[in-house]
Amino acid sequence: MKIEFPAQLFFAMQFQIESTDSLSSARCGTLITDHGTIETPIFMPVGTVGTVKGVHFRELREDVKAQIILGNTYHLYLRPGLNTLEAAGGLHRFNGWDRPILTDSGGYQVYSLTDRRKMKEEGVLFHSHIDGSKHQFTPENVMDIQRIIGADIMMAFDECTPFPCDYDYAKKSMHLTHRWLERCLARFHATEPKYGYRQALFPIVQGSVYRDLRMQSAEFIAKQEAEGNAIGGLSVGEPTETMYEMTELVCGILPKDKPRYLMGVGTPVNILENIALGIDMFDCVMPTRNGRNGMLFTAGGIINIRNEKWKNDFSPLDASGLSFVDNQYTRAYVRHLFIAGEMLGPMIASIHNLAFYLWLVGEARKQIQEGTFSSWKAQMIPKLGNRL
RNA sequence: GGGGGGAUACCAGAGCGGUCAAAUGGGGCAGACUGUAAAUCUGUUGGCUAAGCCUUCGGAGGUUCGAAUCCUCCUCCCCCCA
């Protein structure tokens with residue numbers, strides 16, 4: 001039964017599932033925010049410090065067709081800082097991106113900057129990677145910071161556990177993330193958006209690679225009845241099959257009528273497999289970071305554009321032509337740009353990869369609508385690259 | 001014409017009797033990258049029948065148990081003075 005909300009007073013967004021796949025748990029839908037509608041499943045380009053590295057917003061809108069991008073609480077807090085963000089009127093006004101923004105809470109930095117932070121019950125003390133200055137992040141001020149940034153979707157402050165991670169630590173960490181979530185929710189409900197549009201808060205399931213912990217965490221998260229739910233702590237080095245196992249387990253417990261966001265994933269194959277398991281939202285640095293390093297994702301597999309074999313290949317960058325760069329530039333030319341250390345090379349690769357990722361999820365959506373997702377996925381996966 | 005310096009692997013450039021198939025940088029080739037401390041990082045870069053062997057430090061000879069390193073001659077390059 002679908003609940004109609006008479007007014008969107010109590011919710012920041014509206015999620016509607018449009019169709020589901022009969023042979024898998026894949027579904028497609030729309031997520032309506034005050035900055036526009038997101039068609040799911042969706043891939044969200046990562047724009048850590050308020051920019052998707054190397055890509056103009058015009059290209060991101062018109063060529064990549066990004067519907068929502070990420071920002072990062074920790075990084076934006078350090079630079080440009082809260083005074084500037086607030087004076088600008090929030091991140092949308094500051095950087096000019098007028099579509100939805102989701103901010104990660106800094107929970108990933110608890111993992112990636114592990115040697116620069118100290119964890120306590122109260123929160124995390126970071127030594128800035130920029131100037132070494134000390135900054136305390138708590139569930140409360142992470143909410144406040146995300147209010148100031150003005151993200152349409154705010155993320156709860158969590159600890160992304162590493163892999164491998166022993167059971168006792170994973171359990172302890174999961175409970176800490178849960179306690180932090182309660183504090184996040186309390187602060188979230190005690191505060192209001194600053195810029196006249198609404199904000200949602202997504203909690204995050206943890207539990208490392210342990211089935212019982214993941215189940216316990218998913219149940220805890222589910223009962224918060226948030227507007228969307230995230231799965232974190234995956235794609236940190238565990239076997240791919242383990243990631244799928246955890247996703248499947250958790251998706252079976254999280255509410256079906258709310259969007260599910262699998263954080264930090266992944267490769268094109270990862271994305272298709274996880275869509276099949278019921279994930280609606282993805283983000284990953286791969287298309288941009290790997291793109292800057294010369295890796296191109298295409299429907300025919302992965303290519304390293306720096307390889308000598310492209311030296312005299314004057315065919316289009318990608319014959320499928322998903323964005324203007326694919327026809328505008330040849331493989332030989334883009335290789336030349338990379339070899340010569342020209343910044344245009346990484347920029348072209350980033351646009352191409354993001355356009356491909358957005359095409360991939362858009363096509364998945366179409367296939368779900370047409371009821372052909374599972375067979376389409378089965379024939380896509382072998383082509384996308386066996387290693388990934 | 002006189003005086004001085006130098007030629008080292010794809011390039012630049014250390015090494016100045018054995019631990020040298022030869023530092024380091026660049027270039028080349030390949031790899032890694034999953035809620036971005038990343039336009040970053042790693043490996044490799046004479047040949048082979050590869051835990052070993054063979055051929056290399058401008059060329060030809062020589063000294064020595066042993067030479068990229070010392071000596072002689074040759075070739076070429078650079079600088080200074082006329």
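Atom set for the values below is all heavy atoms of this structure, side chains included, hydrogens, waters and symmetry mates excluded.
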Tell me: CG of A:N72 to P of B:rG35, nearest whole Å? 11 Å
Nearest-Å distance once atom C1' is located in both B:rC20 and B:rA67: 11 Å
Take atom CG of A:D280 and atom P of B:rG35, then tell me their distance rounded to the nearest Å. 19 Å
With both distances under 3.5 Å as the test, what is the Watson-Crick or G-U wobble partner of B:rG1? B:rC81
Regarding A:E159 and A:S173, is there a side-chain donor-to-acceptor distance under 3.5 Å anywhere? yes
So which of residues 92-115 of chain A are in contact with RNA chain B, with a heavy-atom cut-off of under 4.0 Å? A:D104, A:Y108, A:Q109, A:S112, A:L113
Using ring-ring contact (aromatic ring centres under 6.0 Å, His included) as the criterion, list what pairs up with A:Y210, not counting sequence neighbours. A:Y167
Check the chi torsion on B:rA50 and let me know: syn if it falls within 90° of 0, anti if not. syn
Using whole Å, what does the distance between atom C1' of nucleotide B:rU34 and atom CG of A:L272 come to? 15 Å
Any-strand Watson-Crick or G-U partner of B:rA9, both distances under 3.5 Å: none
Taking only the P atom of each, what is the distance from B:rA38 to B:rU19 in whole angstrom? 44 Å
Using the side chain to side chain contact (heavy atoms under 4.5 Å, CB included) definition, which of the options A:L262, A:L254, A:N270, A:V265 pairs with A:I279? A:L262
Looking only at atom C1', what distance separates B:rC70 and B:rC16, rounded to whole Å? 10 Å
Checking base pairs now: Watson-Crick or wobble, both atom distances under 3.5 Å. What partners B:rC41? B:rG31
Which residue lies toward the 5' end of RNA chain B, A:G264 or A:P346, if each is placed at its nearest nucleotide? A:G264
May I ask you to list the residues of residues 233-243 of chain A, by number, that have any heavy atom positioned under 4.0 Å from an atom of RNA chain B? A:G233, A:S235
When all nucleic acid strands are considered with a 4.0 Å heavy-atom cut-off, which category describes A:S128: base, sugar-phosphate, or nothing? nothing
When both hydrogen-bonding distances must be under 3.5 Å and the geometry is Watson-Crick or G-U wobble, what is B:rC20 paired with, if anything? none
Whole angstroms only, please: what is the CD-P distance between A:Q146 and B:rG35? 17 Å
It should be established whether A:N293 places a side-chain nitrogen or oxygen under 4.0 Å from OP1 or OP2 of nucleotide B:rC41. no
Close N/O contacts between protein and nucleotides 27-29 of chain B (under 3.5 Å):
{"unit_1": "B:rC29", "atom_1": "OP1", "unit_2": "A:R335", "atom_2": "NH2", "d": "2.2"}

Can you figure out which of B:rC33, B:rG35, B:rU36 approaches the side chain of A:Y261 most closely? B:rG35
Residue list, salt bridge (charged side-chain N to carboxylate O under 4.0 Å, His left out) with A:E122, at least two apart or on another chain: A:R183
Distance, C1' atom - from B:rA68 to B:rA23, rounded to whole angstrom: 14 Å
Using a distance-only criterion (donor-acceptor N/O pair, under 3.5 Å, no hydrogens), is the base of B:rG35 paired with the side chain of A:D158? yes
Going by purine N1 to pyrimidine N3 plus the second Watson-Crick contact, or the G-U wobble pair, all under 3.5 Å, which nucleotide sits opposite B:rA60? B:rU72
Any ring pair (Phe, Tyr, Trp, His ring centres under 6.0 Å) involving residues 214-243 of chain A? Give me the pairs, sequence neighbours left out, ordered by first then second residue. A:H178-A:F220
Which atom names give the shortest non-hydrogen contact between A:M380 and A:A299, and what distance separates them? CE-CB, 4.3 Å
Please state the P separation for the pair B:rC77 and B:rU24 - nearest whole angstrom. 33 Å
Who else is in A:F314's hydrophobic cluster (ILVMFWY, side-chain heavy atoms under 4.5 Å, direct or via others)? none
d(CZ, A:R292; P, B:rA39) in whole Å: 5 Å
Students often get this wrong, so: under 4.0 angstrom with heavy atoms, is A:D283 touching a base, only sugar-phosphate, or nothing? sugar-phosphate
Hey, is the side chain of A:R289 poking within less than 4.0 Å of OP1 or OP2 on B:rU34, counting only N and O atoms? yes
Please list, chain by chain and in numerical order, all residues satisfying salt bridge (charged side-chain N to carboxylate O under 4.0 Å, His left out) with A:R27, sequence neighbours excluded. A:D280
Could you tabulate the donor-acceptor pairs under 3.5 Å formed by side-chain atoms of residues 327-343 of chain A, not counting sequence neighbours?
{"unit_1": "A:T330", "atom_1": "OG1", "unit_2": "A:Y333", "atom_2": "N", "d": "3.1"}
{"unit_1": "A:R331", "atom_1": "NE", "unit_2": "A:L317", "atom_2": "O", "d": "3.0"}
{"unit_1": "A:R331", "atom_1": "NH2", "unit_2": "A:L317", "atom_2": "O", "d": "3.3"}
{"unit_1": "A:R335", "atom_1": "NE", "unit_2": "A:R306", "atom_2": "O", "d": "3.1"}
{"unit_1": "A:R335", "atom_1": "NE", "unit_2": "A:N307", "atom_2": "O", "d": "2.8"}

In terms of side-chain heavy atoms, does A:Q109 have a donor or acceptor partner in A:R117 at a distance below 3.5 Å? no
Of the nucleotides B:rG35, B:rA38, B:rA32, which has the atom closest to the A:V285 side chain? B:rG35
OP1 or OP2 of B:rG31 under 4.0 Å from side-chain N/O of A:N304: yes
Roughly how far apart, to the nearest Å, are B:rC81 and B:rG17 at atom C1'? 37 Å
Side chains of residues 56-65 of chain A: which donor-acceptor partners sit under 3.5 Å, not counting sequence neighbours?
{"unit_1": "A:E59", "atom_1": "OE1", "unit_2": "A:H56", "atom_2": "N", "d": "3.0"}
{"unit_1": "A:K65", "atom_1": "NZ", "unit_2": "A:E62", "atom_2": "O", "d": "3.2"}

Side-chain donor-acceptor pairs of residues 80-97 of chain A under 3.5 Å, sequence neighbours excluded:
{"unit_1": "A:E86", "atom_1": "OE2", "unit_2": "A:K194", "atom_2": "NZ", "d": "3.4"}
{"unit_1": "A:H92", "atom_1": "ND1", "unit_2": "A:Y197", "atom_2": "OH", "d": "3.3"}
{"unit_1": "A:H92", "atom_1": "NE2", "unit_2": "A:H35", "atom_2": "ND1", "d": "3.4"}
{"unit_1": "A:H92", "atom_1": "NE2", "unit_2": "A:R99", "atom_2": "O", "d": "3.1"}
{"unit_1": "A:H92", "atom_1": "NE2", "unit_2": "A:D152", "atom_2": "OD2", "d": "3.0"}
{"unit_1": "A:N95", "atom_1": "OD1", "unit_2": "A:W97", "atom_2": "N", "d": "2.8"}
{"unit_1": "A:N95", "atom_1": "ND2", "unit_2": "A:G50", "atom_2": "O", "d": "3.2"}
{"unit_1": "A:W97", "atom_1": "NE1", "unit_2": "A:R99", "atom_2": "O", "d": "3.2"}
{"unit_1": "A:W97", "atom_1": "NE1", "unit_2": "A:P100", "atom_2": "O", "d": "3.1"}

Once you round it to whole Å, what is the distance between P of B:rG35 and CZ of A:F202? 18 Å
Please measure how far the P atom in B:rU36 lies from the corresponding atom in B:rA32, and state the result in whole Å. 22 Å
Rounded to whole Å, the CG-C1' distance (A:L384 to B:rU34) equals 15 Å
Atom C1', compared across B:rC54 and B:rU49: separation rounded to whole Å: 12 Å
Just grab all the ring pair (Phe, Tyr, Trp, His ring centres under 6.0 Å) pairs involving residues 139-158 of chain A, residues at least two apart or on different chains. A:F157-A:W180
What is the distance, rounded to the nearest whole Å, between atom CE of A:M295 and atom C1' of B:rC41? 14 Å
Verify whether the ring centers belonging to A:Y108 and A:Y74 lie closer than 6.0 Å. no
